[in-house]
Amino acid sequence: MSKSKDPWRQESYHSIEESDSDSPVEKKRRVSSGDGPHVTASEEDNTASVSTKEDETEKDSLEEITKADQEKEERDDFSDITSETQVEGYENGNASAPSESFDMVDDPLFWGPYLSERQWGTVREDYSEQDNSWEHISHEDAVSHAYVSGEDGLLGVCDRFSLLCASVALWNGKDCMLKERLFGLTGVEGNHGEDVKELYYYLDNTPDHSYMRALYKYPQSAFPYQMLREENKRRSLLDPEFELLDTGIFDMFGHWDVMVEYAKTDHLGIACRIMAINNSQHEEQIHIIPQFLLRNVRRGREPIPQMSGHLQPVMSANSDGSVQIHYQLGHWRLEFMSADCEDGATLLFTDNTSVGCKSCHDKPLYTKDAFHKYIVQGKHEAVNPGHIGTKCAGLHRLIANPGGHVSVYWRIEPAHAPMEYTISDYRELFTRKRNEAQKFYDSVFSGSLIAEERNVAVQAIAGLLWSKQYYCFDVKTWLKDYRKCRQNRGRKARNYGWGHVLNYDILLMPDKWEFPWYAGWDLCISTVLLARYDVQFAKEQMLIFLSDNYMNARGQLPGCEFEMGQSNPPLQPWACLHVYQMDQNRDFNFLRRCYHRLLLNYGWWCSLEYEETRTYGRGFLGMDNISVVDRSGPLPSGWTLVQADCTAWVACFCLWMLRITLELGTFDPAYLDMAPKFLNHFLQIAEAINHPIADMGLWHEEDRFFYDVFHTLADVLPIRVRSWTGMIPLFAVASITLPNSLAVEEAIVRMGENEIFLSLLPMERVRYVLQKVFSTEEFYSPFGIRSLSKAHQGIGVKMQVGPTSTSAHYAPGESDCGFFGGNSNWRGPVWMFMNYLLLESLDVYQHKISHSGSDISLPRPYSSPDCTASLAEMMVDLTYRLVSIFLPNSHGDRPVHGVGSKYAVDPKWRHLVLFYEFFHADTGRGCGASHQTGWTATVIELLLRLQKSRVSSPRHSSVADHPRPH
């Protein structure tokens with residue numbers, strides 16, 4: 001598809017450029033998809049978005065509240081903002097088609113799993129006076145409240161602009177509401193913060209989403225909403241979380257295994273099979289309701305095509321039982337089919353409109369909750385009898401025998417495509433696409449992964465790919481709407497000063513329920529993990545995030561929607577370098593474009609330097625409660641906080657930029673002028689951080705470890721908490737080949753004629769720190785490196801910070817302190833990605849050891865004190881410990897699921913794996929978000945490391961052969 005034929009693409013100065021290395025498919029995908037930094041606001045909006053000054057943002061927000069807006073506020077509440085024009089453009093029973101058709105949407109990624117699993121409870125939907133996003137729209141409110149900035153649904157898909165969304169709804173005949181979306185506790189309701197309370201699993205996905213499969217376990221008895229709320233509310237921070245399995249609902253009653261599969265057709269469409277398996281001893285009925293809605297799009301600067309005149313997107317029924325859909329991206333046709341439903345689908349129609357809104361024609365509205373009212377409450381008048389609206393569903397009432405199953409199919413394709421599909425055609429399509437998916441996995445894991453390891457890796461890939469989401473947040477428009485609300489007049493809104501942020505992109509989410517929003521370093525991690533399977537999409541992710549739609553005028557990148565000014569560790573250069581290398585070092589244009597944007601971000605980080613010490617401090621940096629204080633909170637007057645991790649991250653930034661500079665220098669020598677800048681800056685930081693604490697450095701000679709330090713007006717106070725903050729300096733290490741034209745200081749360690757070794761720590765101190773890292777009494781747990789030393793178990797570290805007495809102690813699992821709402825967990829558990837970064841760094845140290853012949857002797861776990869191991873042996877041992885979290889032991893237990901769980905004893909559950917946010921250091925039990933493949937898909941890279949180690953050490957055929965700690 002040529003650029004001139006793209007109906008929605010609008011050009012801008014920072015649109016993604018086509019490199020000569022792009023294949024025709026990649027060029028077509030990039031042009032048609034609109035991926036990348038595709039800001040396309042009006043010239044006036046572009047000018048306004050440049051400013052990040054708080055007073056200018058405030059002025060913009062207030063000036064655009066017109067007198068008419070204020071009069072409207074007095075009449076209606078804010079719900080009208082979500083539904084101002086949704087019934088214009090058609091009358092009941094008479095659909096109006098758009099004047100243009102965009103049927104041929106030629107984009108391999110047009111359909112995908114981009115629908116969020118939770119839009120309620122997000123900042124994007126929050127206009128409350130208390131900035132309490134969890135309470136502004138609750139799970140129950142979502143049934144009847146039309147969203148402003150997105151949509152959600154159960155295991156759904158949508159087009160790449162999330163304009164047409166499809167998802168699954170279910171009803172077992174006993175629940176108080178339709179199962180349309182996943183239920184979970186809010187940050188206030190959970191004893192450890194927000195937590196999804198459902199059982200669902202991502203089983204398959206391919207990079208182009210040609211085949212996707214997921215499983216949802218649906219109880220046949222009433223879902224225990226109230227029990228989950230009350231019991232978790234009763235429990236304290238010291239108690240375990242009360243999960244859905246703990247209710248006994250899957251032991252006392254039967255349940256449905258609802259398998260949802262998607263397969264792309266040959267005509268730019270997508271098909272779905274929803275199969276419900278009756279896991280009970282009785283005949284049971286289930287209602288399967290595939291539902292479709294058109295997202296409300298009325299305001300803001302979203303770069304999508306507009307329909308001509310006053311026409312609006314609309315769905316309506318055809319005489320043959322199919323549904324025609326006319327919206328911004330063309331004319332489409334939807335059909336339902338089931339061999340198990342004698343009466344066929346009952347078509348239901350309503351509008352994606354909030355309850356309580358008023359029609360602009362003073363006519364009754366058919367609202368978002370109509371299907372719930374029709375099916376659960378029996379209110380048939382709730383749906384539109386004219387079979388027209390912006391939301392539709394196909395209701396199937398099905399009965400399955402014990403152990404039997406029933407299936408429902410649907411398919412949506414451009415209106416001109418042939419629709420003659422039979423059940424056999426559907427089955428053949430899904431079989432063919434699933435076989436193609438298996439071939440994809442074979443190409444990725446063509447090696448020595450055994451069956452159990454492959455099972456884990458496939459589900460990790462599936463989870464990573466399912467975690468793509470269309471993220472919609474126009475902060476400038478949100479600020480205006482926030483000010484329109486009566487209760488917010490005169491208040492300073494959150495993200496004040498970030499009005500330039502204009503996010504309308506498909507992004508990799510950490511977890512689409514618990515974290516349905518991006519975070520700076522999470523996005524980098526996910527991107528690098530995905531680059532192995534779709535390097536083009538990975539490139540686009542980095543270019544998007546480094547664009548002016550995200551980065552402010554000072555070069556700062558946003559943290560997350562809760563507080564965009566709260567920076568994450570600067571992993572962007574690390575990610576760009578890895579993506580470039582994954583593409584076999586051939587896309588110079590991509591690396592060059594990233595480099596120029598990274599220079600802006602580097603300048604912002606440099607502005608944070610404490611000039612007198614050449615060290616840095618910048619808040620919590622992703623590790624919320626790792627210290628004795630909230631590192632992003634206020635300090636006593638005259639106090640400053642210098643951070644070992646922040647200083648080390650800036651040193652890492654220097655090394656990563658040096659490596660990128662040298663790589664670009666092979667194509668254009670002009671770039672080499674920047675190499676001394678990064679090298680010298682790194683050496684300055686290395687000198688500063690290694691000074692003793694008393695001499696304004698961060699090294700504690702007695703403890704032989706790096707610490708954060710308070711500088712007061714009268715003293716220097718180290719925070720003697722041994723944690724990742726003191727281990728991150730190990731990450732700042734590289735082995736670099738320099739061109740002959742660059743001269744370096746004599747003191748720099750050379751490993752060859754042009755190869756140099758750069759480490760933030762002298763090798764002697766590397767040895768000191770690693771001895772603690774691999775000590776079972778400190779950081780080395782049975783399942784990886786702890787985030788805080790076990791030496792702080794019990795009383796921990798106490799400290800007087802001004803008038804406040806505070807402390808930190810070892811907590812191997814969920815947090816037992818109230819920092820960040822009790823959902824901050826960096827005082828002991830194992831974080832998979834941090835372990836992976838450590839292993840990456842140890843690879844460089846091992847390379848240095850191999851060159852020098854001088855090894856680092858480390859304590860061998862669970863052996864006598866005089867028994868030591870080499871660094872290479874401990875790296876393999878650490879990798880085995882990490883992957884063992886996910887693999888069944890001799891009792892059939894996967895540590896991730898706990899001991900004696902249903903996953904170990906029930907054959908229908910044994911193959912299922914959840915990928916938690918972090919892991920209990922002493923037991924391996926999964927904690928936090930249960931679908932956090934944004935971090936935990938790192939296990940794939942660890943399994944591939946093991947695969948390589950088996951080639952060099954064939955005696956290890958699997959993790960099961962490796963001795964496990966007890």
Under 3.5 Å: donor-acceptor pair, side chain of T933, backbone of G463: yes
Is it possible for you to check whether K368 lies under 6.0 Å from the centre of the six-membered ring of Y147, through NZ or CZ, and within 45° of that ring's axis? yes
Looking at every non-hydrogen atom in both residues, tell me the closest pair between H372 and C176 and how far apart they are. CE1-O, 3.3 Å
Would K902 count as a cation-pi partner of F250, with NZ or CZ less than 6.0 Å from the six-membered ring centre and within 45° of the ring normal? no
Please check: side-chain N/O of D351 versus main-chain N/O of T390, any donor-acceptor pairing under 3.5 Å? yes
In Å, rounded to the nearest 0.5 Å, how long is the span from CG of N278 to CD of Q220? 5.0 Å
Hey, is the main chain of R181 close enough, under 3.5 Å, to the side chain of R118 for a donor-acceptor pair? no
Using ring centroids (six-membered ring only for Trp), state whether H139 and W120 fall under 6.0 Å. yes
For the residue pair Y441 and L203, what are the closest heavy atoms and their distance? OH-O, 4.4 Å
Between E180 and K391, is a salt bridge (charged side-chain N to carboxylate O under 4.0 Å, His left out) present by the stated rule, with each step listed? CA-CA 13 Å; E180 295 180 284; K391 182 179 178 182; 3.5 Å; yes
Decide yes or no on side chain to side chain donor-acceptor pair (under 3.5 Å) for Y225 and D175, but give the supporting numbers first. CA-CA 10 Å; Y225 294 107; D175 273 351; 4.5 Å; no
Dump the intermediate steps for side chain to side chain donor-acceptor pair (under 3.5 Å) on N172 and E284, then the final yes or no. CA-CA 8 Å; N172 55 19; E284 292 286 344; over 6 Å; no
Residues in ring pair (Phe, Tyr, Trp, His ring centres under 6.0 Å) with H911, at least two apart? none
If only atom types and distance count, is the side chain of R213 paired as donor or acceptor with the main-chain N or O of E261 below 3.5 Å? no
If you count heavy atoms of other groups shown closer than 6.0 angstrom to NE2 of H282, is the number above 12? no
Between the side chains of Q459 and N455, does any donor sit under 3.5 Å from an acceptor? yes
With sequence neighbours excluded, tell me which residues meet side chain to side chain donor-acceptor pair (under 3.5 Å) with S144. none
Tell me whether the rings of H897 and Y903 are parallel (<30°), tilted (30 to 60°) or perpendicular (>60°). parallel
Residue that, paired with H931, satisfies side chain to side chain contact (heavy atoms under 4.5 Å, CB included) out of W466, Y916, Y200: Y200
Does the salt bridge (charged side-chain N to carboxylate O under 4.0 Å, His left out) test come out yes or no for E436 and K439, once each step is laid out? CA-CA 5 Å; E436 291 174 3; K439 291 179 181 178; over 6 Å; no
Closer than 3.5 angstrom, by distance alone: can the side chain of N318 be matched with the main-chain N or O of G321 as a donor-acceptor pair? no
Please check if the distance between the ring centroids of Y504 and F161 is under 6.0 Å. no
Ignoring hydrogens and geometry, is there a side-chain-to-backbone donor-acceptor pair from D369 to V143 under 3.5 Å? no
Which residue, Y421, Y262, Y426, forms the ring-ring contact (aromatic ring centres under 6.0 Å, His included) with Y409? Y426
Which atom names give the shortest non-hydrogen contact between D208 and L109, and what distance separates them? CA-CD2, 3.6 Å
Side-chain H-bond candidate by donor/acceptor type, E198 with Y216, under 3.5 Å: yes
Would you say the side chains of S407 and R273 form a donor-acceptor pair under 3.5 Å? no
Say whether T265 and E413, considering side chains only, have a donor N or O and an acceptor N or O under 3.5 Å apart. yes
